[in-house]
Number of protein chains: 2
Amino acid sequence: MSKIVKLKDVAKLAGVGIGTASRVLNEHPNVKDSTRRKVLDAMRELNYTPNNIARSLKSKSTRTIGVILIELSSAFYSDIVEGIEDTANEYGYSIFLNNTRKYEDRILESIQMMCEKKVDGIIYLGGTLTEEIQNKLLDANIPVVLISTGTNFKRKDTTEVFSSINIDNETAAFEAVTYLCELKHKKIAMLTINKDDKNSAMPRIKGYRRALEKNGIEFNDDLVFECEQSYQSGYETMQKILKLEERPTAIFSYSDLIALGASRAILQSGLRIPEDISIVGFDDIETTKYFYPAITTMRQPRYVMGSRGMELLIREINDKEGFKQHVILPVTLQIRESTSQKIKDLI
Amino acid sequence: MSKIVKLKDVAKLAGVGIGTASRVLNEHPNVKDSTRRKVLDAMRELNYTPNNIARSLKSKSTRTIGVILIELSSAFYSDIVEGIEDTANEYGYSIFLNNTRKYEDRILESIQMMCEKKVDGIIYLGGTLTEEIQNKLLDANIPVVLISTGTNFKRKDTTEVFSSINIDNETAAFEAVTYLCELKHKKIAMLTINKDDKNSAMPRIKGYRRALEKNGIEFNDDLVFECEQSYQSGYETMQKILKLEERPTAIFSYSDLIALGASRAILQSGLRIPEDISIVGFDDIETTKYFYPAITTMRQPRYVMGSRGMELLIREINDKEGFKQHVILPVTLQIRESTSQKIKDLI
DNA sequence: CTGAAAGCGCTTACAG
DNA sequence: CTGAAAGCGCTTACAG
């Protein structure tokens with residue numbers, strides 16, 4: 001345990017005042033060159049490491065961002081975190097990560113902890129904002145950006161409260177289904193989570209409907225099947241669909257996880273993908289490219305969602321104005337239809 | 001921007017000294033009950049949030065752990081991070097996450113940053129420790145735990161320097177191959193990364209060999225195929241294997257990623273898994289259960305690796321003794337052989 | 001059991 | 001351009 005070197009030690013060795021040493025540390029312009037050099041030499045000689053705790057106490061800025069994450073284990077979020085991370089690093093910020101697993105208590109505690117640790121801003125990732133969580137975030141009185149987060153309560157100005165990053169669900173669904181229509185499918189079923197979900201299911205159903213109608217296919221609510229956001233539920237629901245007297249030739253799925261479960265049901269029944277049934281997923285999780293046959297999907301720009309979100313946040317931290325921005329990112333079709341597709345094209 | 005409430009304000013409202021307010025905050029026992037209540041009431045009334053930056057400056061403990069991570073996007077690591085997170089939370093610690101992407105510069109910077117932010121300890125996750133990184137970690141002069149990390153340099157006491165969490169590679173490979181032998185396979189190939197890799201490839205090859213010999217099968221180095229740690233390389237290498245005049249009936253793969261690439265090659269050639277060729281992977285990444293047919297694999301106890309690592313670290317932070325511990329965790333066989341297996345058994 | 005005071009390691013007006 | 005001093009919001013011996 002060597003004694004910790006502080007600025008006072010540096011200043012003494014360099015033969016300057018402690019304030020001057022501090023100015024060198026902070027790259028303050030008004031320091032004579034020769035003085036700067038003396039101080040830098042002393043720092044090197046003593047192997048000085050600045051204490052950011054002390055600096056933060058004075059400067060009121062920790063250069064730290066809190067990231068509240070509803071679920072880490074899903075590859076979906078880890079890419080977003082990667083985007084956040086890289087951008088934060090670029091701007092000299094560090095990240096407090098808290099994986100709250102959807103428990104409201106843990107989320108509230110997490111926000112509290114971040115307030116106590118004096119983060120400069122918070123990114124809230126995924127999940128749904130309850131009124132209580134929103135209030136806690138407002139109390140924190142620091143910039144907040146929501147990424148891929150919905151709300152489950154009504155309040156006129158909800159969208160005005162925090163900046164946000166989201167995807168264009170309706171257009172994405174429209175494009176996915178248009179693609180299937182172009183492949184000449186006439187009977188296209190949709191697998192979705194709860195039809196009442198305003199944040200994503202409803203706009204996607206709307207896009208699905210719009211694409212059908214634009215292609216002269218009548219919308220039929222009986223072809224919109226509800227299931228859970230899980231592999232197993234996709235599997236079971238697809239089994240039911242396969243028993244239909246007149247089964248669809250194509251499936252548009254709310255998520256890749258559901259699409260994968262459905263694919264298992266299809267392959268297990270002896271049918272082929274895409275020869276007998278085409279399927280388009282949503283999210284572009286890793287498994288869709290490693291699956292055989294690889295699954296076509298709507299690719300959410302996850303990395304960009306993270307990095308753009310971080311950029312918004314940093315801008316809000318620096319501009320006290322506090323204009324809230326709402327960014328809607330496009331989703332792109334990732335075609336992986338053919339089992340004979342070259343592996344390099346897949347990945 | 002309401003004025004920030006500090007302990008002084010609380011003390012004034014409660015009619016006590018600031019030291020007493022601090023003692024209440026820290027749950028110090030020697031405070032009269034009625035005093036404590038007055039202070040707690042004042043805190044509530046003012047909606048007081050302690051400033052942990054100031055507390056840390058005095059107390060020399062930030063209750064913060066730095067996690068240096070070589071690669072986040074892989075689901076492999078996110079489960080470990082989840083284990084770290086949960087355990088950290090349990091003990092009241094927060095996590096600085098830094099995703100360094102294998103760049104040595106970024107790793108060194110990251111360690112530097114964590115020193116400046118005064119983390120109480122560091123967890124280093126995955127990758128390989130170079131001598132320079134090891135020295136930088138030693139300079140930090142705080143507890144460090146390595147999880148699933150190898151070294152690429154020789155130094156007698158390397159393993160004595162930091163505590164570590166690793167898996168039992170040799171036994172894992174032994175069990176995987178024993179399983180294939182029990183299925184009556186006589187010609188079992190191995191797909192591995194660089195045979196010279198001391199940290200994992202060599203012990204796994206040793207386990208593979210031991211299992212073969214125990215089952216009366218002669219070890220044949222020609223059946224150990226080198227490839228890269230990638231889907232594509234697994235695919236290409238398997239294509240070569242399939243062209244062999246006498247092809248193996250089973251494959252033991254160094255990783256799931258390689259196994260998945262190999263599986264694509266097998267299925268694409270018109271052969272079936274497991275009827276024509278059995279395959280056992282390693283890691284238990286998510287895709288192995290969603291693949292069709294689901295892939296049998298050696299399951300690394302990722303969550304436990306994270307939580308045990310965090311426990312080791314916290315113990316080292318509290319005990320100044322600093323006994324280094326080296327935990328070797330077992331890997332378990334996750335059988336997913338049959339395409340007709342019930343979905344609930346798979347997941 | 002409690003208050004006053006020193007101090008954690010910095011930054012930043014304020015003089016000069 | 002630079003030094004001395006006050007202060008960031010706490011904690012913790014030290015008296016009492």
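Here is the naming used below: chain letters follow the sequence lines, and residue numbers restart at 1 for every chain.
When each of A/D120, A/I65, A/L137, A/I122 is checked for a side-chain contact (heavy atoms from CB on, under 4.5 Å) with A/I142, only A/I122 meets the rule.
Nucleotides of DNA chain D that come within less than 4.0 Å of any heavy atom of chain B span, from the 5' end to the 3' end, D/dG9 to D/dA13.
The separation of C/dG16 from C/dT12, taken at their C1' atoms, amounts to 16 Å, rounded to a whole angstrom.
Classification of A/D41 and A/R36 as a salt-bridged pair fails, no side-chain N sitting under 4.0 Å from a carboxylate O. Ion pairing between a basic and an acidic side chain is recognised when a charged N comes within 4.0 Å of a carboxylate O; B/D86 and A/R106 show such pairing.
Among the heavy atoms of the strands lying under 4.0 Å from B/K60 are primed sugar atoms or P, OP1, OP2 only; no base atom is included. Within 4.0 Å of B/N51, counting heavy atoms only, lie sugar-phosphate atoms of the nucleic acid but no base atom. Here A/T35 lies in heavy-atom contact (under 4.0 Å) with sugar-phosphate atoms only. Nucleic acid contact for A/N52: none, since no nucleic acid atom lies under 4.0 Å from a heavy atom of the residue.
Remark: DNA chain C takes part in the stems C:1-3 with D:14-16, C:5-12 with D:5-12, C:14-16 with D:1-3, each of 3 or more antiparallel Watson-Crick or G-U pairs, criterion distances under 3.5 Å.
For the atom pair CD1 of A/I111 and CD1 of A/I68, the computed distance is 4.5 Å after rounding to the nearest 0.5 Å.
Against DNA chain C, the stretch residues 11-20 of chain B makes heavy-atom approaches under 4.0 Å through B/V16, B/G17, B/T20.
Residues B/R23 and B/I53 both approach DNA chain D. Their nearest nucleotides, taken by heavy-atom distance, put B/I53 toward the 5′ side.
Side-chain atoms of B/T87 come within 3.5 Å of backbone N or O of B/G83 as a donor-acceptor pair.
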